[in-house]
Structures are given as structure tokens and as C-alpha cells.
Amino acid sequence: MSKAVRFDEFGGPEVLQVREVEVGDPGPGELRIRVDAIGLNRAEIMFRTDAYPDKPTFPGSGLGYEAAGVVEAVGPDVTGFAAGDPVGVVPAFHQSQYGTYGDHVLVPAAATVHRPASVPAEKAAAVWMAYITVYGALAEDGFVRPGDHVLITAASSSVGIAAIQTANRIGAIPIATTRSAAKKQQLMDAGAAQVVVTDDEDLTLAIKEHTGGAGVRLAFDPIAGPGVEEIARSVAPGGRLVVYGALDPRPTPLPNAQGFPALSTSTYTLFEVTTDPQRLARGVAFVNTGLASGALSPVIDRVFDLEDIVAAHRHMESNTQVGKIVVTVRH
């Protein structure tokens with residue numbers, strides 16, 4: 001028998017339980033993976049609390065988008081993988097269908113990528129959700145150019161850290177925001193050119209100061225809600241506002257021509273990349289070459305054991321972390 005995290009009702013971290021389960025053999029298009037490390041994401045909190053578009057099936061729902069491990073078995077018609085291959089799992093499926101919180105899991109081969117054996121599992125588990133999300137928004141279409149300013153809100157998350165590093169890799173100038181002054185130096189250490197502490201500073205005035213009045217080429221925001229209007233005032237004419245999350249559940253107004261410069265606005269999710277094989281291949285190449293050169297390097301906040309998944313989720317809900325929370329699996 002294998003171990004996996006399951007839950008039977010919506011609620012706080014305490015609804016998560018580690019149980020014995022039968023994994024079975026992979027079916028067509030699937031791989032069975034021995035999981036060595038799992039990357040946690042806020043989407044899993046939302047899934048657990050009924051705040052996510054995808055809904056669990058009770059009883060016994062699993063969850064989880066990311067993992068790193070080794071291929072144990074290959075399903076029918078799957079090519080390009082063999083038992084023993086070190087791999088990572090990227091978010092390219094619904095949590096209601098697959099989940100990565102376990103010591104052995106079934107995952108779609110299309111959501112699995114090879115990882116260099118030199119990249120340890122803990123580091124690999126911290127990569128794909130964050131860096132593919134950022135690749136699709138900042139690097140895929142070439143909109144952000146060297147020398148452009150990029151505004152990254154809620155920047156202490158794993159995606160925020162990845163955005164800082166990716167902007168620097170492009171040659172752009174990352175400006176990070178955080179509500180907490182305690183996180184300012186950590187974001188500077190992560191590569192931010194400037195950090196705006198929004199509890200203490202006026203964002204619009206700070207961006208004018210840091211950009212010489214020009215504004216940012218792109219604003220990358222996971223919060224949404226009414227705050228997008230203030231963010232929009234920081235975007236340069238012809239720039240872009242990308243909203244990729246919904247941390248603020250209140251309605252999100254559409255910035256209009258009466259009060260804002262000419263800018264484009266869009267929503268975005270990483271599934272636009274991970275479900276397109278060609279875009280995913282480009283994203284994987286971009287991330288792997290960045291990891292190899294050292295230009296991209298995930299920041300791991302804390303590491304928990306799978307048996308401590310409740311504590312790991314409580315820590316994620318505390319919003320005190322900078323970077324990625326990783327769970328390791330003992331075999």
C-alpha cells in the first residue's frame with residue numbers, strides 16, 4: 001500500500017489526512033511516479049476550502065499540482081519515459097482527476113518533464129508552477145524588453161520570486177511589492193531593483209519615483225479585486241496589466257479610458273502554457289537553461305515531512321513565507 005493525503009470535506013488544514021491507498025498501474029497516457037518531494041501552492045488551499053473553480057469529489061479527494069521523483073511504471077502508448085527516469089510534474093491537469101500529495105502517484109505523462117539528475121528533488125519540486133507561470137506572462141511573447149520596468153505585486157510568493165529572477169534574466173528591472181516591511185530585505189536579496197512596502201508607501205507615487213515618471217511596461221498581479229485600479233495607474237501608456245490570481249475575492253473593476261493611460265489588461269493562468277505541448281516545451285527549455293546557468297534558482301522557505309502536511313498548510317496560510325514551501329517524502 002502507498003500513502004496519500006485525502007480529505008472528505010471542505011475546511012481548514014485539519015481536514016487533510018494521510019491514508020493508506022492502492023495506487024495501481026498506470027493507464028493509457030499515464031505514469032506512476034515514486035514521489036520524493038512535493039511543492040505546495042495556494043491553489044491547493046483554495047481547492048481545500050471550496051474557493052477554486054475545480055471541485056473535489058468526496059469522499060477521499062486528493063490534491064496537489066507539483067512533485068519531483070522517479071518514474072516507476074509507464075502506461076500503454078506512453079513514449080519518451082522509462083522506469084528510473086528522474087522527473088518533475090507540472091500543473092497540466094485538474095486536481096479533481098489527479099493529485100501529487102502522496103509517496104506514489106499516477107500522473108499524466110503530458111504533465112511530466114525530465115529533470116537533470118543533478119537537480120535534487122526538493123529544488124525540482126519548487127520549480128514548475130512558479131517558473132512556467134512567469135515564463136508565459138513575461139517571456140513567451142517578448143513583450144517585456146531589456147530595460148523595461150516590471151511591477152510584481154505580492155512578490156514574496158514563489159511566483160513572485162520567480163518573476164523577479166525572470167525579469168532580471170530578460171534584462172528588465174523588477175519592482176516588487178509587499179505589505180510587510182519585514183520582507184523588504186529578502187526581496188532585495190532575491191534580486192528586486194526596488195521594493196515598495198504598500199502598508200507604508202503610496203504605490204502610485206513610489207512607481208513614479210522609481211521609473212522617473214514613465215511607469216512600468218508590465219504589471220503582474222495575483223491579487224485582483226479593487227486594488228487593480230491603483231496598479232493600473234502605475235502602468236505606462238501602451239503597457240500591460242496581467243492578473244493571474246484572485247487572492248482578493250471582491251469584484252475586480254476593469255480599468256477604463258477615463259482614468260487610466262492606454263493599456264491592455266488580461267487574465268492569465270499557466271494552463272495556457274502547460275496544456276499546449278509546443279509552448280510547454282519552450283517554457284521547459286527556458287527554465288532548464290536558467291537553472292543550469294544559475295539565473296533561475298527557486299527560494300525554498302521551509303521543508304516539511306508528508307506526515308506533517310497539516311502543519312505545512314497552516315504555514316502556507318500564515319502568509320509569513322518568502323518563496324516555496326516543500327514537503328518531502330520518506331521511503
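- Contact annotation: the side chain of Arg169 approaches that of Thr289 to within less than 4.5 Å [non-hydrogen atoms, C-beta and beyond].
- Counting only N and O atoms by type, the side chains of Ser156 and Lys183 include a donor and acceptor under 3.5 Å apart.
- Between the side chain of Ser293 and the backbone N or O of Gly290 there is at least one donor-acceptor pair closer than 3.5 Å.
- Using a 30° and 60° split on the angle between ring planes, His114 and Phe81 fall in the parallel class, below 30°.
- Under the 4.5 Å side-chain contact rule for hydrophobic residues, Ile164 and Ile300 do not share a cluster.
- Remark: side-chain polar atoms of Asp276 are not paired, donor with acceptor, to backbone N or O of Glu272 under 3.5 angstrom.
- Nearest heavy-atom pair across Leu138 and Ala163 is CD2-O, 3.9 Å.
- Within 6.0 Å of CZ in Arg19 there are more than 12 heavy atoms belonging to other residues, nucleotides or ligands.
- The six-membered or imidazole ring of Tyr131 lies away from that of Phe286, with a centre-to-centre distance of 6.0 Å or more.
- Between Pro13 and Arg48, the closest side-chain pair of non-hydrogen atoms falls below 4.5 Å.
- Each of Tyr52, Tyr101, Tyr65 was compared with Glu44 under the side-chain hydrogen bond (donor to acceptor under 3.5 Å, both in side chains) criterion, and only Tyr101 meets it.
- A donor-acceptor contact shorter than 3.5 Å is absent between the side chain of Thr265 and the backbone of Leu241.
- Contact between Lys324 and Gly39 at its shortest, heavy atoms only, is CE-CA, 3.9 Å.
- One distance of note links CD1 of Ile38 with CD1 of Ile325; it measures 13.0 Å at 0.5 Å rounding.
- Side chains of Val150 and Ile170 form no contact here, defined as non-hydrogen atoms less than 4.5 Å apart.
- Cluster membership for Leu205 and Val196, using ILVMFWY side-chain heavy atoms within less than 4.5 angstrom, is not shared.
- Between the Glu201 side chain and the Val197 main chain, a donor and an acceptor come within less than 3.5 Å of each other.
- The OH atom of Tyr268 lies 11.5 Å from the CZ atom of Arg240; values are rounded to the nearest 0.5 Å.
- Residues Arg42 and Asn319 have side chains in contact (heavy-atom distance under 4.5 Å, counting atoms from C-beta outward).
- A side-chain donor-acceptor contact under 3.5 Å links Asp54 to the backbone of Gln95.
- Val242 and Tyr135 fall within the same hydrophobic cluster, where Ile, Leu, Val, Met, Phe, Trp and Tyr residues are linked whenever their side-chain heavy atoms come under 4.5 Å apart, directly or through other members.
- Residues Val87 and Val71 approach most closely at CG1-CG2, 3.7 Å, considering heavy atoms.
- Separating the NZ atom in Lys184 from the CG atom in Asp189 is a distance of 12.0 Å, to the nearest 0.5 Å.
- For the residue pair Ile231 and Ala219, the shortest heavy atom distance occurs at CG2-CB, 3.6 Å.
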Handout entry: Candidate pair Gln321 and Ser158, rule side chain to side chain contact (heavy atoms under 4.5 Å, CB included), full reasoning
Key = CA-CA 9 Å; Gln321 71 272 19; Ser158 58; over 6 Å; no
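- Residues Val310 and Val15 share a hydrophobic cluster, clusters being chains of Ile/Leu/Val/Met/Phe/Trp/Tyr side chains in contact below 4.5 Å.
- One distance of note links CG of Asp221 with OG1 of Thr267; it measures 12.0 Å at 0.5 Å rounding.
- Considering every non-hydrogen atom in both Val326 and Ala126, the closest pair reads CG2-CB, 4.2 Å.
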Exercise for the section: Given salt bridge (Lys or Arg N to Asp or Glu O under 4.0 Å), test Asp308 with Arg302 step by step and report yes or no. Expected result: CA-CA 12 Å; Asp308 299 320; Arg302 281 183 63 181; over 6 Å; no
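- Between the side chain of Glu229 and the backbone N or O of Pro253 there is no donor-acceptor pair closer than 3.5 Å.
- Taking the side chain as every heavy atom from C-beta outward, Val18 and Val5 approach each other to under 4.5 Å.
- Note on ring orientation: taking the six-membered ring where Trp is involved, the planes of Phe7 and Phe58 are perpendicular (angle over 60°, cut-offs 30° and 60°).
- Arg217 places a side-chain N or O within donor-acceptor distance of the main-chain N or O of Phe143, the cut-off being under 3.5 Å.
- Arg115 places a side-chain N or O within donor-acceptor distance of the main-chain N or O of Gly69, the cut-off being under 3.5 Å.
- A heavy-atom distance below 4.5 Å is not found between the side chains of Phe93 and Thr274.
- Using a 4.5 Å heavy-atom cutoff, the side chains of Phe304 and Leu40 are not in contact.
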Exercise for the section: Report the C-alpha separation of Leu270 and Met129 in whole Å, then their side-chain angles, then the decisive distance to 0.1 Å, and conclude whether the side chain to side chain contact (heavy atoms under 4.5 Å, CB included) test is met. Expected result: CA-CA 8 Å; Leu270 85 164; Met129 170 72 88; 3.7 Å; yes
Exercise for the section: In sequence, state the C-alpha distance, the side-chain angles, and the governing distance for Arg32 and Leu106, and then conclude on side chain to side chain contact (heavy atoms under 4.5 Å, CB included). Expected result: CA-CA 5 Å; Arg32 189 176 71 232; Leu106 297 177; 3.7 Å; yes
Problem - Chi angles and distances behind the side chain to side chain contact (heavy atoms under 4.5 Å, CB included) call for Glu140, Val273 - result: CA-CA 9 Å; Glu140 167 76 1; Val273 176; 5.7 Å; no
Handout entry: Candidate pair Arg6 and Asp8, rule salt bridge (Lys or Arg N to Asp or Glu O under 4.0 Å), full reasoning
Key = CA-CA 7 Å; Arg6 296 287 187 263; Asp8 299 327; over 6 Å; no
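- Around CD of Gln278, the count of heavy atoms belonging to other residues, nucleotides or ligands within 6.0 Å does not exceed 12.
- Transitive grouping of hydrophobic side chains (ILVMFWY, heavy atoms separated by less than 4.5 Å) keeps Ile175 and Val195 in distinct clusters.
- The distance from atom CZ of Phe220 to atom OG1 of Thr153, rounded to the nearest 0.5 Å, is 8.5 Å.
- Between Ala214 and Ala236, the closest heavy-atom pair is O-CB, 3.1 Å.
- In this structure, the side chain of Asp199 does not engage the main chain of Ser180 through any donor-acceptor pair within 3.5 Å.
- Annotation for His315: atom NE2 counts as buried by contact number, over 12 foreign heavy atoms lying within 6.0 Å.
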Exercise for the section: Go through the steps for Glu307 and Arg330 under the test salt bridge (Lys or Arg N to Asp or Glu O under 4.0 Å), then give the verdict. Expected result: CA-CA 9 Å; Glu307 297 289 342; Arg330 289 176 290 174; 5.4 Å; no
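- Distance alone, capped at 3.5 Å, is enough to place a donor-acceptor pair between the Asp85 side chain and the Ala82 backbone.
- Looking at Asp36 and Val329, their side chains never come closer than 4.5 Å, going by heavy atoms from C-beta outward.
- Considering CD1 of Ile309 and CG of Leu63, their distance stands at 7.0 Å, rounded to 0.5 Å.
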